[in-house]
Amino acid sequence: MNHDLDKLARKLRNLDTLLGRLAAAERRKELIKIIRIPGWTTPAEFLLVSSIVESVSAQLKVLEELEVNLLEASRMVGKEARHASKQ
């Protein structure tokens with residue numbers, strides 16, 4: 001398999017861009033304003049929105065864990081490769 005490191009680096013930079021957009025708080029600030037409007041929602045709609053917020057939070061926690069594991073594993077691979085080349 002060809003190791004296209006430039007392509008992988010572009011994908012990582014794209015990931016950084018996507019995560020940066022997700023981290024921007026404008027949409028959440030707008031949602032907080034919307035939910036404060038009197039009569040905004042029915043109990044069923046409230047449950048739906050609440051469950052989506054919980055789901056997004058859970059998914060973000062998984063993404064954070066994946067990113068930590070990716071970095072840790074990448075560091076380990078690099079160490080093993082450097083160690084093998086010295087022998």
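Excluded from the calculations below are hydrogen atoms, water molecules and symmetry mates; all remaining heavy atoms, backbone and side chain alike, are included.
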Pairs of donor and acceptor atoms involving the side chains of residues 52-66, under 3.5 Å and at least two apart or interchain, shall be tabulated with distances.
residue, atom, partner, partner atom, Å
Ser55, OG, Gln59, NE2, 2.9
Ser57, OG, Val53, O, 3.1

Which pairs of donor and acceptor atoms, one on a side chain in residues 4-23, lie under 3.5 Å apart (sequence neighbours left out)?
residue, atom, partner, partner atom, Å
Asp4, OD1, Asp6, N, 3.4
Asp4, OD1, Lys7, N, 3.0
Thr17, OG1, Arg13, O, 3.2

Using residues 30-41 as the side-chain source, report each donor-acceptor pair under 3.5 Å to any protein atom, sequence neighbours left out, with the distance given to one decimal.
residue, atom, partner, partner atom, Å
Thr41, OG1, Glu45, OE1, 3.0
Thr41, OG1, Phe46, N, 3.3

_My understanding is that only residues two or more places apart in sequence, or in another chain, count here; which of them pass side-chain contact (heavy atoms from CB on, under 4.5 Å) with Ala25?_
Arg28, Lys29
*asked:* So, using side chain to side chain donor-acceptor pair (under 3.5 Å) as the criterion, who are the partners of Ser51 when residues are at least two apart?
replied: none
